[in-house]
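Accompanying notes for the structure given below.
Bear in mind the structure is a predicted one, so any value in this text is a computation, not a measurement.
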Amino acid sequence: DLGEAPTAAGVLHELVPVTDVKKSYVLGKKLREAAYHIWDLHKDITIMGSKAATIMSIRQFACIDVGCTMPQAERYVRLVRYVESTGSNPWKRVGELQEQFPRGLMQVLGLAAEEGHQDTGEPVPSELGPLIEPVSSAKRAFEKADIVRRKMFERWVHDKDLQHSELVQGVCEDTGAFPGQLERYLLLKRYCDSMQEGKRKDLLQYAKTGTLKLCSDIHASVQEGGWRDPGEPSFYTYTPPIVVEED
C-alpha cells in the first residue's frame, strides 16, 4: 500500500482521472446511452418499491458499464449538458473549450458555474431517449443511413487506411452526431435491407416503429439467433449512392 497521493495534484488525479474535455464529453454521452439501455431492458423492475432507488441503481450500473464512479459520472454528464446547451455542433464546441481551457474538465465546469449556466440537472433514465436519439422515426433513421454511408465513403476515398470507427467519428464531427446514433442508423439499414420489400414497408411506413424500439428488437433478435448481422459492406466492393440530404 503506497498510501494516499502525497500532493494536491495527485489527489485530484485520483478523484478526476479524466480531465481531457473531449474524452470527458464522450464518457458523458456513453453514460447516458448506458443508463437508457439499462432502463429499457429492466423497465418493469422497481428496486425496493422506490422510484428514487431504482433511478440510483440504474445510474450505478451505468457507471460500472462505463468504468467510472458516481461523482465522476455527474461531472461528465454536466459537461454534456453545458456543451449541448448552445445548440451548435457539440464537437466544434468541445474543440473550442479544449483550446480555451488547457486544464480541462474542472476548468470548464468552473466557467459554467461562473457564467451562472442554468443547469436543470440530469434527466431520469426513462427520459433520455430523445436526447440520445433525436431521430425518433425508424423510417427516417433508415433513410439517414444512406447519407452516413456516403459521407463515410467520401472520407475513405481520401484515406483507405481509415478504420470503420474512425470513419464514423469523422462523420460525427462533421454533423454533430454521436457514434452510437450513426451505428443505429447503419444497423437499421442492414436489418431492413435483409427483409422483403413488403415487410420492410409494413415495419417502417405503416407500423411507424421508433428508432430505439426497433434497434432494441434487432439486438434481441441477434442474441436469440433470429437474425445474423452481416456487418457493413466493404467500400472496396460497394459504392454508396450519392444522396441529397434534406434540411
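At least one donor-acceptor pair under 3.5 Å links the side chain of T54 to the backbone N or O of I47. No donor-acceptor pair under 3.5 Å is formed between the side chain of S221 and the backbone N or O of D217. Although no hydrogens or angles enter the test, the distance criterion places no donor-acceptor pair under 3.5 Å between the side chain of T19 and the main chain of G104. Side-chain atoms of E183 do not come within 3.5 Å of backbone N or O of G180 as any donor-acceptor pair.
Evaluation of the side chain to side chain contact (heavy atoms under 4.5 Å, CB included) rule for D159 yields D161, L162 as partners, not counting sequence neighbours.
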Exercise for the section: Evaluate the criterion salt bridge (Lys or Arg N to Asp or Glu O under 4.0 Å) for residue pair R78 and E74; output intermediate values, then yes/no. Expected result: CA-CA 6 Å; R78 197 187 316 158; E74 287 172 13; 5.1 Å; no

Practice task
Quick one: do R149 and E154 satisfy salt bridge (Lys or Arg N to Asp or Glu O under 4.0 Å)? Show the steps, please.
Solution key: CA-CA 9 Å; R149 276 184 179 167; E154 288 167 359; over 6 Å; no

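Between E143 and K189 there is no salt bridge, since no side-chain N of the basic residue sits under 4.0 Å from a carboxylate O of the acidic one. Between K213 and E133 there is no salt bridge, since no side-chain N of the basic residue sits under 4.0 Å from a carboxylate O of the acidic one.
You'll find the side chain of F235 stays beyond 4.5 Å of the side chain of K160, heavy atoms only. Annotation: side chain of K29 is not in contact with side chain of Y76 (no heavy-atom distance under 4.5 Å). When side chains are defined from C-beta on, D40 does not count as touching L212, because their heavy atoms never get closer than 4.5 Å. Two residues are said to be in side-chain contact when any heavy atoms from C-beta on lie closer than 4.5 Å; V18 and L27 meet this criterion. Considering only heavy atoms from C-beta on, K144 stays 4.5 Å or farther from Q181 through its side chain. Side chains of S137 and K208 form no contact here, defined as non-hydrogen atoms less than 4.5 Å apart. Taking the side chain as every heavy atom from C-beta outward, C68 and L31 approach each other to under 4.5 Å. The shortest distance between side-chain heavy atoms of C63 and T69 does not fall below 4.5 Å.
In the hydrophobic cluster analysis, where Ile, Leu, Val, Met, Phe, Trp and Tyr join through side-chain heavy atoms closer than 4.5 angstrom, L186 is grouped apart from L214.
Taking CZ of R228 as the reference point, atom OG of S194 lies at 11.5 Å (rounded to 0.5 Å). With rounding to the nearest 0.5 Å, the separation of CG in D119 from OG in S85 is 9.0 Å. A distance of 10.5 Å separates CG in L188 from CG in D193, rounded to the nearest 0.5 Å. Remark: L109 CG to L105 CG distance equals 4.5 Å, nearest 0.5 Å. A distance of 11.0 Å separates CG in L131 from CD in E33, rounded to the nearest 0.5 Å. Here D65 contributes atom CG and I38 contributes atom CD1; the two are 4.5 Å apart, rounded to the nearest 0.5 Å.
The minimum heavy-atom distance linking P102 with Q100 is given by the pair CD-O, 3.4 Å. In this structure, R75 and L15 approach most closely via the heavy-atom pair NH2-O, 3.1 Å.
Within a 6.0 Å sphere centred on NZ of K151, other residues, nucleotides and ligands contribute 12 heavy atoms or fewer. In F61, the CZ atom is not crowded: 12 or fewer heavy atoms of neighbouring residues, nucleotides or ligands sit closer than 6.0 Å.
Of the listed residues (F142, W227, Y185), just one forms a ring pair (Phe, Tyr, Trp, His ring centres under 6.0 Å) with Y191, and that residue is W227. With Y25 as reference, E84 is the one residue of E84, R93, Q98 to meet the side-chain hydrogen bond (donor to acceptor under 3.5 Å, both in side chains) rule. Screening R150, K92, R155 against D174 for a salt bridge (Lys or Arg N to Asp or Glu O under 4.0 Å) leaves a single residue, R155.
Side chains of E173 and Q169: a donor on one and an acceptor on the other come within 3.5 Å.
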